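Chain naming here is simple, since letters A, B, ... match the order of the sequence lines and numbering starts at 1 in each. This one's a predicted model, so the numbers in the text were calculated from it and none came from an experiment.
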Amino acid sequence: MLLYNTLKRAKEEFVPLTPGRVKIYACGPTVYNYFHIGNARAFLTFDVLRRYFEFRGFKVDYVQNITDIEDKIIAQSLEEEVPFREIAEKYTRAFLEDSAALGIKKPTHQPRATELLPQIIAAIEALVKKGFAYEVNGDVYFDTSALPEYGQLSGKKIEDQLPGARVLENVQKRNPADFTLWKAGKPGEPVWKSPWGEGRPGWHTECVVMSQKFLGETFDIHGGGSDLVFPHHENELAQALALTGKPLARYWMHNGFLNIDGDKMSKSLNNFFTARDILAQHSAEAIRFFFLSKHYRSPIDFTRELIEESERAVSNFYSALRAVDYKNIICSLDGSCQDSEQAFTEAMDDDLNTARALAVLFELARKCKNEQLPRSQREQAALMLVRLGEVLGFFTDLCQRLSEALPDLSRQLVELLLRYRREARANKDWALSDKIRDDLEHLGIELRDTPDGCEWKLKD
RNA sequence: GGCGACAUAGCCAAGUGGUAAGGCAGAGGUCUGCAAAACCUCCAUCCCCGGUUCAAAUCCGGGUGUCGCCUCCA
């Protein structure tokens with residue numbers, strides 16, 4: 001299995017530290033707001049990575065942090081005029097709800113930064129003792145000049161990081177590239193006691209502490225959005241190296257950014273969408289399909305047309321399953337679709353080529369629908385479609401989506417109308433016949449006339 | 001200024017040396033009172049120029065264009 005490693009700038013064969021086991025850490029949200037559709041891409045990308053490892057038989061430890069103390073949370077608590085803990089609590093809950101709604105599997109561990117304050121402080125103390133950090137007026141900074149390897153992940157040189165127009169000069173820092181480990185508290189801000197006085201942790205240390213607590217000093221994969229390469233992941237890597245002398249993670253993976261209608265998403269452009277907004281209008285599977293139809297490392301452009309297109313594409317899978325009456329298939333996989341599974345695996349093994357993997361699903365869907373093929377072949381295709389689709393996170397609500405959940409009375413009323421329509425058709429009263437069909441369609445019931453009579457189903 | 005990415009049909013998107021996966025949309029056909037569904041068929045020579053090679057979307061050089069990171073950010 002090949003994975004693109006940002007650290008090496010190349011695809012590498014994945015070799016786990018422990019055979020049969022993968023330890024993954026993926027950066028989670030800072031809970032100061034509902035997470036947006038760009039965050040959703042990162043969460044979904046690593047959800048699929050995790051699911052694929054499980055499919056390949058690995059035991060997966062998947063840790064995703066929740067940053068519940070950070071400047072933006074404090075800012076939001078001032079804006080909403082409620083204590084910061086309530087803000088963190090509110091948006092943590094929203095994050096868990098929206099993740100679940102997107103069909104993202106729960107991580108095996110989901111620590112919060114405020115749960116590990118003692119460990120974070122201990123890590124900063126250790127860095128100071130080892131000479132990699134220094135304190136100025138209650139702030140503690142990491143001394144980037146003390147670590148020759150600094151910059152290896154992002155390919156940046158400290159010399160290039162001149163305090164230019166966009167970098168605010170911080171007179172307390174010895175070097176512009178130095179970053180904050182501990183921030184002295186101002187009046188009114190949430191603070192914790194520390195050897196440097198009351199304050200709060202900087203952003204980068206918590207991920208080191210949380211990941212190492214659950215995964216050990218060195219783990220397999222560290223992931224996040226490509227904007228995290230610098231400075232966040234660079235700084236994590238530096239701290240871990242300074243602390244243990246060992247690399248934090250062996251593979252660093254980063255997903256590409258999302259644009260809206262070709263522009264960067266931003267509040268000022270009024271094109272800022274939360275995952276919650278999108279979920280209110282589109283199915284989780286369409287959102288997932290939209291992302292998976294493009295390679296995770298490429299930038300992706302979110303438009304209304306594309307998400308609607310994705311909706312239509314996904315309903316293809318369901319019409320395929322319906323065509324073989326999936327719920328009532330009683331046989332199990334017999335190996336006749338092995339070639340599909342192999343094609344799927346080959347695609348996914350190549351740095352998670354989900355776009356190619358989706359093509360395999362569509363080929364299976366076409367097979368399901370092909371009435372020329374023997375029943376058994378079509379059923380096998382359906383079973384494989386679901387097996388592989390689940391790896392990508394589809395079909396989590398299969399039963400619900402396939403069942404026509406109507407109460408008996410409604411069902412009888414539909415049948416009654418169809419009986420009248422049959423009479424109308426027998427009398428060649430096409431106007432009435434079509435009116436019944438159109439009216440039912442408005443109610444979300446689709447009719448199709450077949451040689452065996454009229455069939456109906458609820459619209460997707 | 002430093003680092004990096006991308007440019008494939010109407011749209012989205014795979015494909016990194018042997019003559020272009022897949023999806024959406026569209027066209028024609030079978031079927032139908034009509035429609036829907038289903039099935040069949042059709043729909044690109046890969047931004048431009050030059051080079052390497054028997055052979056390039058795929059490698060090299062040069063253009064042009066778009067974008068990202070360097071600052072909180074997935």
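Looking at which nucleotide of RNA chain B each of A:Trp430 and A:Tyr296 is closest to, the 5′-most match is held by A:Tyr296. Sequence order on RNA chain B of the closest nucleotides to A:Ser226 and A:Arg297 puts A:Arg297 first from the 5' end.
Between the side chain of A:Asp301 and the base of B:C12, no donor-acceptor pair of N or O atoms lies under 3.5 Å. Between the side chain of A:Asn316 and the base of B:G22, no donor-acceptor pair under 3.5 Å is found. Between the base of B:G33 and the side chain of A:Arg425 there is a donor-acceptor pair shorter than 3.5 Å.
The nucleotide B:A25 finds no pairing partner, because no Watson-Crick or G-U wobble arrangement with both distances shorter than 3.5 Å includes it. A 3.5 Å limit on both hydrogen-bonding distances identifies B:G51 as the Watson-Crick or G-U partner of B:C59. When both distances must be under 3.5 Å, the Watson-Crick or G-U wobble mate of B:C6 is B:G65. In this structure, B:U19 makes no Watson-Crick or G-U wobble pair, since no nucleotide meets both defining distances under 3.5 angstrom. Pairing for B:A44 is absent, with no Watson-Crick or G-U wobble pair whose two atom distances lie under 3.5 Å.
Residues passing the ring-ring contact (aromatic ring centres under 6.0 Å, His included) test with A:Phe53 are A:Phe14, A:Phe58, sequence neighbours excluded. For A:Tyr62, there are no ring-ring contact (aromatic ring centres under 6.0 Å, His included) partners at least two apart in sequence or on another chain.
Taking the ring centroids of A:Tyr318 and A:Phe395, they lie under the 6.0 Å cut-off. Between A:Tyr91 and A:Tyr34, the ring centre distance stays below 6.0 Å.
B:G23 and B:U41: their P atoms are spaced 13 Å apart (whole Å). Taking atom C1' in both B:U53 and B:G65, the straight-line distance is 29 Å, to the nearest Å. Atom P of B:G15 sits at a distance of 10 Å from the matching atom of B:A7, rounded to the whole Å. On the P atoms, B:C48 is 15 Å away from B:U64, given to the nearest whole Å.
Regarding A:Leu432, its CG atom lies at a distance of 17 Å from the P atom of B:G33, rounded to whole Å. As a whole-Å value, the separation of A:Leu321 CG from B:A38 P is 13 Å. Put simply, CZ on A:Phe257 is 17 Å from P on B:A5, counting in whole angstrom units. Per the geometry, CG belonging to A:Asn235 stands 9 Å off P belonging to B:C72, to the nearest Å. With rounding to whole Å, A:His295 atom NE2 is found 17 Å from B:U8 atom P. Put simply, CG on A:Asn353 is 11 Å from C1' on B:G22, counting in whole angstrom units. Rounded to a whole Å, the CD1 atom of A:Ile74 is 15 Å from the P atom of B:C72. Atom NE2 in A:His222 sits roughly 12 Å away from atom P in B:A74 (whole-Å rounding).
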- Under 4.0 Å protein heavy-atom contact, by nucleotide of nucleotides 39-46 of chain B - B base, S sugar-phosphate only: S-------
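Contacts of A:Leu258 with the nucleic acid, taken as non-hydrogen atoms under 4.0 Å apart, include base atoms.
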